[in-house]
Amino acid sequence: MKVALFSTCIVDTLKPEIGFATLTLLEAAGCEVSVPTQSCCGQANFNNGDTKGARALALQWLKVFEAYEYVVIPSGSCAAMLKIHGPSLFSDDEALQLRFKALTQRSYELSAFLSEIACPVFEQEISTATPASYHDSCSGLRDLYIKAQPRALLAASNTVELTELSNAEACCGFGGTFCVKHPEISCRLADDKIATLEAADTRMLIGGDWGCLMHLKGRIDALNKPIDVKHFSEVLASAIKGAH
Amino acid sequence: MSTAMNSQKVGFRPASQTALNNPDLQQALARARGGFVDKRQIAIEALPEFEAIKARAKAIKDHSLDHLSDYLIEFEENVTASGGQVHWAQTTEQANEIILNICNEAKARKITKGKSMISEEMQLNAALEQADFEVMETDLGEYIIQLAKETPSHIIAPAVHKTKAQIETLFDQFHAADLPSNRSREALVSEARLRLREAFLSADVGITGANFLVANTGSTVLVTNEGNGDLTASIPDVHIVTASIDKVIPKLSDLPTFLRLLGRSATGQEITTYTTLFTGPKQAPDEAGPKAFHVVLLDNGRSEILHSEFKAALRCIRCGACMNHCAVYGTVGGHAYESVYPGPIGQVMTPLLNGLEGSLDTISACTMNGHCSVVCPMSIPLTDLIRQHRINAFTQNKNSLIERKGLGAWQWLSLHPRAYCLGTALSGRAVKMLNAWPFLQRFTPMLRGWKTGRALMRAQGTTFQAQYKKRRQHEDTT
Amino acid sequence: MNQARANILACLGASTGAPDLLLPALKPAFVNDANSLVALLKTKLLAVHASVDIIDDNDDTATAVTASVLGFLKQKTQPLSVTLTPAVDKQYFDHALLSISHSQDYAHCQTVVTQATAGVAETGSLILPSSLARPTLANFLPDNCIVLLNAADIKPHLEDALATVQSSKVGMPRALNIISGPSKTADIEQTLVYGAHGPIQLHVIILSHDA
């Protein structure tokens, strides 16, 4: 199975660990993984009203990834950008739009890919499963219906013991450029998440979008809270034999 | 289009800061959020046909909007046939003038009012008071904010931002002297009931809004829980209904579909206590009821919106679900939006009613989380419409130069692989350095937005692609 | 103003799409035999703090209705007097036990008794079209409102009740009241308080016609 990994610009620049964790998981699932030269899906341009710029980036993404059987993306928002909003950028060109749709149909957010297409066997014995909680990033949740998949995978990996947050689906306040345009509101929303984390007495926050997690971690660190923040790929990869 | 708001605005950013630091408001918002969201969820789960009813309502409303002129004419014919009068107003000024004329002709002095968001657009109370009419809001929430000289902060719960203590203080000022302190909510409601009963009974004119206008019967529909709408509409000699032109639905048999969505989406109720259809003035031989029935239809830009990419917004039934579920509204409340309509529907409507330039801060205050679009019972793609305003702002060069240049630079960088690799590598290294030597962060003003409330993010210092390439090269050579 | 009308209609433009929208009926499903309708209506009214008595056809109606009214008034510690709207048959009441008035000064009546023309089980609602016999203000001004309803007049859905009114000889009344409980408000800290501007108490007496 030829899979291309689209790491996303945030992971590429600021959290390569997620790229490598995703690689570990895909290879352990029996995939032949490529990482073609890649950049951005265009989400920032799109959400800020620059549809021309977004189209250019989406078109480049198409050209880079079209050759592959599957594309796997460790980010709900980037996957949603491409799969849900991408096609609308090509409404001026029906043939191109069809090509784009065809590629998005074999493009998956990571937990969806592992749930539907191919999954590694987890080889972790339960020792002391870390108490953790999951944050549902909005795009993944509402555009791609990512909810049960990461939880099921984490359960199967025997790495963490998940406690549901009362506000698991609440927006964390990242929202892309929103978090720097309205930082006070953004941090207040992060505080609401942190409050329920503390109430649930968990020490680890897990999610599927490093944008959200990076923002939450920034707030957690500023408040000196002893809460670890991880992308689910990192947690799952730790249960793969031979992974480092 | 006329501008509706007065000029005491400070801007969304300062207003939202004030809101975040207001402990009473924060307490009120937390309480409201839980109530509205949970009750709606329970009501929706108890109705298996909910999604089908939503689809039906959308179909009826879309059809209605496609035939708006025909249904408005049919409505007018049926109102007239039942002895009422329809007035048309393109602008809020025209609407206010019509109402002032009716009140003057009726030699009115006292006016009671039910809750009407369109009358807020018109700033009707101010116009009436300026003409020396005595206006009394009768919805308890509206009554409270009238005493407080404030505007509504939510479209169905106008005083949601107030705590009981604040309301009690307000009542102490305006009701009888020597009332005991720390009165119960029941006591406060009783006080208001007594005060407003006097107003109801002595009103010369009653002005209400309308939740729906029924074309094939010429009826206006009013839903309340308090009963104030009916007391306003049925006691005085003159009943005036204010409604925007998009409120019309084709048939009486269409009404239940909308009622099933409205109560559940707004407050989690299957139906409000009072749902009344008013058709014309009093009917002989029944001598009870108003002698005159007037419906003032206001356009205020809707006929233009109908032909725009924002047409779907005209399906709105003013339930408030969008703002109840909005992460941003939940932190700052309605006043921060400084507009008649707050929350997501406000972010869609305000630029259309008041112009895009003055609304840029408001439309940026959205995380695009999509919750509003999911809960909207009329399937309005609110998130997409807010984004459409951003698209229009960008295309019309209305957003900031820095932002345009930044997005342009990012686009260029992302399309040029070598430059992208270099740019991202440098950024990663810079972030690593700024963490290692925090004092350097003083020289990075562009990080101010991030650093307001957050620690700087960490970075390994080299990109994933670069590390991957290196690893592959290493594997290939071993 | 007529210019405004012309301008608005011109701006709206001609209609587009099919002239009529024909959709199949869509109503919430529930068991709707006669007994179930009564039971559902009662359940919904009780849930919003109305009180409900069902009077069997076997009972002597006048005695039973009077007993229900007295029971309600005593429970709420209200004076034992009522005002009847013209729609109500005064033969339902025992004048020896209950003081009866026919005043139409509803602003100064403590308790009114009126009669609904229909009920709606789906929403727990009473249908009261305004008329000489059923003044609308009787439904709103008094502190207590007692409504008589024939079980046979309980319809399953809102559409049924609205259609009946629309197709009646009189057609649409000045005010068609659909009443689903006593008045209430949650405007103070989103906490429900019963008794706002309309009646504080609502008591419904269902006159049943089966055994």
Side-chain angles (χ1 to χ4, degrees), chain B residues 31-32 35 47 49 52-53 56 59-60 63 66-70 87-90 94 98 140-141 157 159 163-164 167 185-186 188-189 193 196 201 217 219 225-228 230-231 234 252-253 255-256 259 270-271 273-280 282-283 285-286 288-289 299 303-304 306, chain C residues 1 4-5 7-9 11-19 21 23 26-29 44 48 107 122-125 130-132 135-137 139-141 157-159 162-163 166 170 172-191 193 195-199:
Chain B
R31 180 192 298 255
L47 182 64
E49 298 88 352
I53 294 173
R56 188 172 211 273
I60 297 172
H63 167 82
D66 283 342
H67 297 78
L68 196 51
S69 47
D70 286 346
H87 311 258
W88 301 68
Q90 283 182 277
Q94 283 176 8
I98 290 164
L140 181 60
T163 61
K164 175 173 95 73
I167 295 168
R185 291 185 196 94
E186 287 77 5
L188 294 171
V189 173
R193 179 191 174 90
L196 286 165
L201 293 172
T217 57
S219 308
N225 280 311
E226 297 177 21
N228 64 302
D230 292 87
L231 291 167
S234 299
L252 187 60
S253 56
L255 181 62
L259 292 177
E270 289 181 357
I271 195 167
T273 308
Y274 303 106
T275 302
T276 302
L277 286 88
F278 297 108
T279 313
K282 63 177 175 165
Q283 289 179 13
D286 186 4
D299 184 346
S303 53
E304 282 169 44
L306 187 67
Chain C
M1 189 267 290
R5 181 183 187 278
N7 291 346
I8 292 171
L9 290 173
C11 195
L12 288 173
S15 296
T16 60
L21 184 70
L23 293 171
L26 176 61
K27 305 174 192 176
K44 298 224 179 257
V48 291
E122 174 199 348
T123 48
S125 305
S130 68
S131 65
L132 209 52
T136 183
L137 289 175
N139 306 331
F140 292 95
L141 285 169
H157 295 101
L158 287 166
E159 284 90 338
L162 292 174
Q166 192 181 9
V170 170
M172 294 298 289
R174 148 65 195 171
L176 173 57
N177 295 138
I178 305 171
I179 296 180
S180 313
S183 70
K184 61 193 181 198
T185 179
D187 272 331
I188 301 181
E189 290 186 329
Q190 302 313 301
T191 309
V193 171
H197 299 296

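All chains are named by letter (A, B, ...) in the order of the sequence lines, taking the proteins before the strands, and each is independently numbered beginning at 1. Please read all numbers here as calculations on a predicted model, not as lab measurements.
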Participant: Would you mind telling me which of C/Ile8, C/Asn139, C/Leu162 has the largest number of heavy-atom pairs within less than 4.5 Å of chain B?
Facilitator: C/Ile8
Participant: May I ask you to decide if C/Gln190's main-chain N or O and B/Arg31's side chain share a donor-acceptor pair within less than 3.5 Å?
Facilitator: no
Participant: Below 4.5 Å from any heavy atom of chain B, which atoms of C/Pro182 appear? Answer side chain, backbone, both or neither.
Facilitator: backbone
Participant: Please determine, by modelled atom types, if B/Asp286 and C/Ser131 share a side-chain donor-acceptor pair under 3.5 angstrom.
Facilitator: no
Participant: Can you measure from CZ (C/Phe140) to CG (B/Leu231) and round to the nearest 0.5 angstrom?
Facilitator: 7.0 Å
Participant: To the nearest 0.5 Å, what is the distance between CG on B/Asn228 and NE2 on C/His197?
Facilitator: 5.0 Å
Participant: Can you name the salt bridge (Lys or Arg N to Asp or Glu O under 4.0 Å) partners of C/Glu159, sequence neighbours left out?
Facilitator: B/Arg260
Participant: Under a 4.5 Å heavy-atom cut-off, does chain B meet the side chain of C/Thr136, its backbone, both or neither?
Facilitator: side chain
Participant: In the structure I gave you, are the side-chain heavy atoms of B/Glu304 and C/Cys11 within less than 4.5 Å of one another anywhere?
Facilitator: yes
Participant: Would you say the side-chain atoms of B/His63 pair up with the backbone N or O of C/Gly17, donor to acceptor, closer than 3.5 Å?
Facilitator: no
Participant: Indicate yes or no: does B/Lys164 engage C/Glu189 in a salt bridge with an N to O separation below 4.0 Å.
Facilitator: no
Participant: Show your working on salt bridge (Lys or Arg N to Asp or Glu O under 4.0 Å) between C/Lys44 and B/Glu270 and close with a plain yes or no.
Facilitator: CA-CA 10 Å; C/Lys44 298 224 179 257; B/Glu270 289 181 357; 2.9 Å; yes
Participant: Could you state the interatomic distance from CG (C/Leu176) to CG (B/Leu277), rounded to the nearest 0.5 Å?
Facilitator: 5.0 Å
Participant: For B/Leu201, is it the side chain, the backbone, both or neither that has a heavy atom under 4.5 Å from a heavy atom of chain C?
Facilitator: side chain
Participant: Output all residues satisfying salt bridge (Lys or Arg N to Asp or Glu O under 4.0 Å) with B/Arg56, sequence neighbours left out; order by chain, then residue number.
Facilitator: none
Participant: Could you tell me which portion of C/Ile188 (side chain, backbone, both or neither) has an atom closer than 4.5 angstrom to a non-hydrogen atom of chain B?
Facilitator: both
Participant: Is a side-chain N or O of B/Arg193 found less than 3.5 angstrom from the main chain of C/Ala196, in a donor-acceptor match?
Facilitator: yes
Participant: Could you tell me which portion of C/Ala29 (side chain, backbone, both or neither) has an atom closer than 4.5 angstrom to a non-hydrogen atom of chain B?
Facilitator: both
Participant: Taking side chain as C-beta onward, heavy atoms only, is C/Ser180 less than 4.5 Å from B/Thr273?
Facilitator: no
Participant: Highest number of heavy-atom pairs under 4.5 Å with chain B: which of C/Thr16, C/Val193, C/Asn7?
Facilitator: C/Thr16
